[in-house]
Amino acid sequence: MLARAQALISESALRGNLTALARRAQTRLLLPVKANAYGHDLETVARLAAQHPDVWGFGVAVPREAAALAALKLGKPVLLLTPPTPEEVGPLADLGVRLPVASLAEADALPAYARAHLKVDTGMNRLGARPEEAVQVGLRLAERGLLEGAYTHFATADEPDLSFSREQFARFQGVLAALPPVLAHAANGGGILSFGPLPGLSLARPGLAAYGFAPAHLRQVAPLTPVMTLRARVTHVHPVHPGESVSYGGLWRAAHETTVATVGIGYADGYPRGATGQAQVLVRGERRPVLGRICMDQCMVDVTGLDVQVGDWVEVWGRDELTVTEVAQWGGTVEYEVLTGLGTRVERVAEH
Ligand SMILES: *Cc1c(COP(=O)(O)O)cnc(C)c1O
């Protein structure tokens with residue numbers, strides 16, 4: 001059966017982004033591949049990235065992702081970025097998954113063959129031990145021979161004002177100074193682009209940036225290319241006469257004779273319904289408006305004057321002319337949410 005929508009995953013764009021980010025950070029990378037590799041497909045991204053010399057390993061958010069990745073046997077470390085439940089610790093350690101640790105109780109509960117990354121809360125107030133407790137936990141892990149790494153997470157590194165990130169980093173450095181040498185990591189994509197190399201760090205964790213996106217004020221810092229192009233097929237072409245409306249609610253009404261193409265992508269595929277009224281797509285390289293409400297499985301596009309046939313591809317977002325950044329703005333959201341919301345019906349195709 002023909003997929004109505006395809007996400008083309010550019011291997012060369014991903015490779016180039018990883019190289020650029022490792023160079024900017026002056027470290028190897030712990031590549032976040034959570035949420036199906038930000039919607040790009042875990043297996044496709046992980047297999048490709050595992051070949052990249054700058055990739056040390058992978059970061060995932062939940063145990064199921066860790067297990068899926070371990071099953072690929074790529075020979076690269078996997079770090080679970082959120083706390084496992086006590087029941088999950090043993091099975092994850094058995095799979096070789098590195099575990100975050102933020103308390104003495106957690107440190108003591110690890111099996112002797114586990115590898116831990118001390119999680120330090122330097123101000124995000126989401127996860128981790130506060131710096132003063134973190135030192136104790138880290139020393140306990142080191143005593144047990146389980147301490148592989150230590151990390152923290154910036155709350156505002158993608159913003160122009162870096163003062164809070166600097167405070168966070170100073171707190172983290174204080175903890176590192178009290179520990180034996182470990183694989184230390186702090187910067188997400190925003191942190192890498194904002195700071196470049198940070199003293200004492202050996203890994204960096206670029207998520208969105210690895211997939212090709214930077215905040216507007218940091219776009220010049222490193223050459224990044226969006227990895228995904230999303231395209232969908234025209235499933236029907238029909239005329240709409242002046243005065244007639246299109247789609248639910250009749251929000252859009254034809255002022256002139258209009259040729260309308262129905263396209264096989266909708267909000268169930270992750271095309272944000274909130275973009276209704278603003279959305280555009282590329283038809284034969286030309287920007288054309290999406291007419292009326294974006295539906296669950298479909299949307300309608302003004303293709304008047306263009307030679308468009310059933311089966312043609314329409315570009316929903318891509319690498320330069322119309323990116324996810326713009327689609328996210330129309331939808332009142334951010335690239336992260338649009339990419340991770342990409343539905344399972346969208347076929348992922350690696351482009352070599
Ligand atoms: C998701 C995540 C990242 C990546 O963040 P980006 O903003 O996408 O670069 C880094 N570190 C942790 C702990 C994360 O959960």
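Order of appearance sets the numbers: ligands from 1, and atoms from 1 within every ligand. Bear in mind that the values here come from a model prediction, so they are computed numbers and not experimental data.
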Visitor: Using heavy atoms and a 4.0 Å limit, tell me yes or no: is P32 in contact with ligand 1?
Guide: yes
Visitor: Is any side-chain heavy atom of V260 closer than 4.5 Å to a side-chain heavy atom of V237?
Guide: no
Visitor: Look at the side chain of S10 and the backbone N and O of E351, then say whether any donor-acceptor pair between them is shorter than 3.5 Å.
Guide: no
Visitor: Should R4 and D297 be marked as a salt bridge (charged side-chain N to carboxylate O under 4.0 Å, His left out) after you check the CA-CA gap, both sets of side-chain angles, and the distance that decides it?
Guide: CA-CA 9 Å; R4 297 298 183 265; D297 319 298; over 6 Å; no
Visitor: Just do the side-chain contact (heavy atoms from CB on, under 4.5 Å) check on S247 and W252 with the steps written out, would you?
Guide: CA-CA 8 Å; S247 196; W252 184 86; over 6 Å; no
Visitor: Return yes or no for this condition: an N or O of Y336 is under 3.5 Å from an N or O of ligand 1.
Guide: yes
Visitor: Which protein heavy atom lies closest to atom 11 (N) of ligand 1, and at what distance to 0.1 Å?
Guide: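 Here the nearest protein heavy atom works out to R205 NE, 2.8 Å.
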Visitor: So between H153, K119, M124, whose heavy atom ends up nearest atom 12 (C) of ligand 1?
Guide: H153
Visitor: Based purely on interatomic distance, does L208 place a nitrogen or oxygen under 3.5 Å from a nitrogen or oxygen of ligand 1?
Guide: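 For ligand 1, there is an N or O atom that lies under 3.5 Å from one belonging to L208.
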Visitor: So, regarding A209 and ligand 1 (criterion: nitrogen or oxygen to nitrogen or oxygen, under 3.5 Å), is there a contact or not?
Guide: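 Among all N and O atoms of A209, none is under 3.5 Å from an N or O of ligand 1.
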Visitor: Short list, please: which atoms of ligand 1 are under 4.0 Å from a heavy atom of K34?
Guide: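 What qualifies from ligand 1 is 1 (C), 2 (C), 3 (C), 14 (C), 15 (O).
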Visitor: Check this for me, if you would: do E286 and R284 make a salt bridge, where the nitrogen-to-carboxylate-oxygen distance has to be below 4.0 angstrom?
Guide: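 A salt bridge is absent here (no side-chain N lies under 4.0 Å from a carboxylate O).
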Visitor: Would you mind listing which atoms of ligand 1 come within a distance below 4.0 Å of any non-hydrogen atom of Y38?
Guide: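 Answer, ordered by atom number: 1 (C), 4 (C), 5 (O), 6 (P), 8 (O).
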Visitor: Which ligand 1 atoms, with their elements, are less than 4.0 angstrom from a heavy-atom of G207?
Guide: 4 (C), 6 (P), 8 (O), 9 (O)
Visitor: Which ligand 1 atoms are under 4.0 Å away from a heavy-atom of G189?
Guide: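 In order of numbering, the contacting atoms are 9 (O).
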Visitor: When you check the gap from the basic side-chain N to the acidic O, do E148 and R98 get nearer than 4.0 Å?
Guide: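 Salt bridge flag = yes for R98 with E148.
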Visitor: Hey, are the side chains of R348 and E43 touching, using non-hydrogen atoms and a 4.5 Å cut-off?
Guide: no
